[in-house]
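Notes for the one structure printed next.
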Amino acid sequence: MLQSMTGFGSAQLETESFTVCVEIKSLNSKSMDLSVRLPRSLSDKELEIRNIISKSLVRGKVNLSVEVSRNRAAAGRSRINTELLQTYYKELEVAALNMGAKSPDLFRLALHMPEVMQADAVEDKTEDLNWEQVTPLLLEAIDKLVVFRTDEGKALTNEIISYIDRIRILLAEVEKHDPSRVEQIKTRIQGHMQELSSSESFNQNRFEQEMIYYIEKLDIAEEKVRLINHLHYFTETVYLPEPTGKKLAFISQEIGREINTIGSKANDSTIQHLVVEMKEELEKIKEQLNNIL
């Protein structure tokens, strides 16, 4: 089953001192394009983290963020600097009296003056975060992202297979119309032959050789066989367990090559219209393959 390259996963751990949150998200990319943002205490683990992500996610534009924040309970309580509060209050009271202003909110104003509310000094324990705490969070976030990718991949699989089935239907229409195309070509050739045979310079042997070459050039039997084989191979590859995005892109190129050849050799408006429709379905497939792992 296909996997999308788009995904998101997160995991969180809360202790008495701090909360650590791991978030990882990915978008489509031709290779592994990894951006990592870590707290200072984990900076020495960046290479190991990159190796874990690269092995698990293979490719994509991936962003990892590990954030640590101190909990409110660990931040300590605030206390009022009473002496400073009294000073501010008296100064505000004198200023209001001198200016003849009403002063009903002097206490509130004084309370919000700088450094009146002071937090007790507490030990910052966010630096206590260690690799053993982060590793399971990282793996959990990756697992969630893989599940996200898989769910997206199921929808993409159904969509892409529907385009392949549509190409098969159009190819069947080409197969159905091909005998009448051949008859039309034969009729035209026979008409030209009757016109040319009356000419004194008509060379029967040369004419037959040229007609054999012409008919072989217009024959699309091999292209039809190769195209149906490519379609079967594409469908089989979709359901392989390993990532197949790049392989499917190569197969789609081969499908396009056969479709183009059928269109150029057909010399028939009906088949050329069917070829245009097949190309449209193939373009839809290529567009979706850009987001396949």
Side-chain angles (χ1 to χ4, degrees), residues 1-85 111-154 156 241-246 290-293:
M1 187 68 69
L2 300 179
Q3 271 194 29
S4 168
M5 273 190 282
T6 302
F8 175 81
S10 65
Q12 183 171 299
L13 170 68
E14 187 169 347
T15 70
E16 290 183 359
S17 304
F18 57 83
T19 298
V20 55
C21 182
V22 176
E23 288 188 353
I24 184 167
K25 53 188 174 182
S26 69
L27 299 171
N28 60 310
S29 176
K30 291 182 178 180
S31 59
M32 172 56 73
D33 181 6
L34 178 56
S35 174
V36 176
R37 188 173 67 186
L38 300 172
R40 186 174 55 188
S41 58
L42 295 176
S43 58
D44 61 323
K45 296 295 182 180
E46 181 173 343
L47 181 59
E48 189 171 347
I49 289 171
R50 286 180 175 274
N51 289 336
I52 291 172
I53 293 174
S54 297
K55 281 184 179 180
S56 302
L57 303 183
V58 184
R59 66 190 179 105
K61 184 176 177 60
V62 181
N63 288 292
L64 170 73
S65 171
V66 180
E67 294 187 351
V68 186
S69 58
R70 188 168 61 177
N71 289 341
R72 286 186 179 181
R77 64 182 183 84
S78 296
R79 63 181 182 85
I80 299 174
N81 187 333
T82 307
E83 185 178 342
L84 187 59
L85 175 63
L111 194 62
H112 287 83
M113 294 298 282
E115 299 183 6
V116 171
M117 300 296 294
Q118 295 181 343
D120 288 338
V122 293
E123 183 181 358
D124 186 1
K125 294 186 177 181
T126 57
E127 291 295 327
D128 292 344
L129 177 67
N130 57 60
W131 178 234
E132 286 70 26
Q133 291 171 305
V134 174
T135 303
L137 297 179
L138 176 62
L139 296 177
E140 181 184 345
I142 289 174
D143 287 344
K144 288 181 178 178
L145 186 144
V146 170
V147 170
F148 193 113
R149 280 182 162 189
T150 302
D151 291 341
E152 289 281 311
K154 289 176 183 177
L156 287 173
E242 68 269 14
T244 55
K246 290 184 177 180
N290 288 330
N291 195 36
I292 294 297
L293 183 62

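What's counted below: heavy atoms across the whole structure, side chains too, no hydrogens, waters or symmetry copies.
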The complete set of salt bridge (Lys or Arg N to Asp or Glu O under 4.0 Å) pairs with one or both residues in residues 56-65, sequence neighbours excluded, reads Asp33-Lys61

Contacts of Glu23 meeting salt bridge (charged side-chain N to carboxylate O under 4.0 Å, His left out) (sequence neighbours excluded), chain-then-number -> none

Using modelled atom types and a 3.5 Å cut-off, is there a donor and acceptor pairing between side-chain atoms of Ser29 and backbone atoms of Met32?
no

Across all chains, not counting sequence neighbours, the salt bridge (charged side-chain N to carboxylate O under 4.0 Å, His left out) partners of Glu14 are none

Residues at least two apart in sequence or cross-chain that pass side chain to side chain donor-acceptor pair (under 3.5 Å) with Thr6, listed by chain then number, are Asn291

Rounded to the nearest 0.5 Å, the OG atom of Ser31 sits from the NZ atom of Lys246 at a distance of 7.0 Å

Here the gap from Asn63 atom CG to Ile24 atom CD1, rounded to the nearest 0.5 Å, amounts to 9.0 Å

Practice problem: Tell me, with the steps shown, if Leu38 and Ser43 meet side-chain contact (heavy atoms from CB on, under 4.5 Å). | Solution: CA-CA 6 Å; Leu38 300 172; Ser43 58; 5.7 Å; no

When rounded to the nearest 0.5 Å, the distance separating CD1 of Ile53 from CD of Glu48 is 11.5 Å

| Does the side chain of Arg149 come within less than 4.5 Å of Leu57's, by heavy atoms? | yes

Rounded to the nearest 0.5 Å, the CG atom of Leu156 sits from the CG atom of Leu293 at a distance of 11.5 Å

Sorted by chain and residue number, the side chain to side chain donor-acceptor pair (under 3.5 Å) partners of Gln12 (sequence neighbours excluded) come out as none

Return a table of donor-acceptor pairs under 3.5 angstrom between the side chains of residues 136-147 and protein atoms on other chains or two or more places apart.
from: Glu140; atom 1: OE2; to: Lys144; atom 2: NZ; distance (Å): 3.2
from: Lys144; atom 1: NZ; to: Ser10; atom 2: O; distance (Å): 3.1

Interatomic distance, CG@Leu42 vs CD1@Ile49, rounded to 0.5 Å, equals 6.0 Å

Interatomic distance, CD@Gln133 vs CG@Asn130, rounded to 0.5 Å, equals 4.0 Å

Hits for side chain to side chain donor-acceptor pair (under 3.5 Å) against Glu152, two or more places apart or cross-chain, chain-then-number order -> none

By salt bridge (charged side-chain N to carboxylate O under 4.0 Å, His left out), Lys30 pairs with (sequence neighbours left out) none

Hits for side chain to side chain donor-acceptor pair (under 3.5 Å) against Lys154, two or more places apart or cross-chain, chain-then-number order -> none

All heavy atoms of Phe148 vs all of Phe8, minimum pair found to be CG-N, 3.7 Å

For Glu242, the side-chain contact (heavy atoms from CB on, under 4.5 Å) test, sequence neighbours excluded, returns Leu240, Thr244

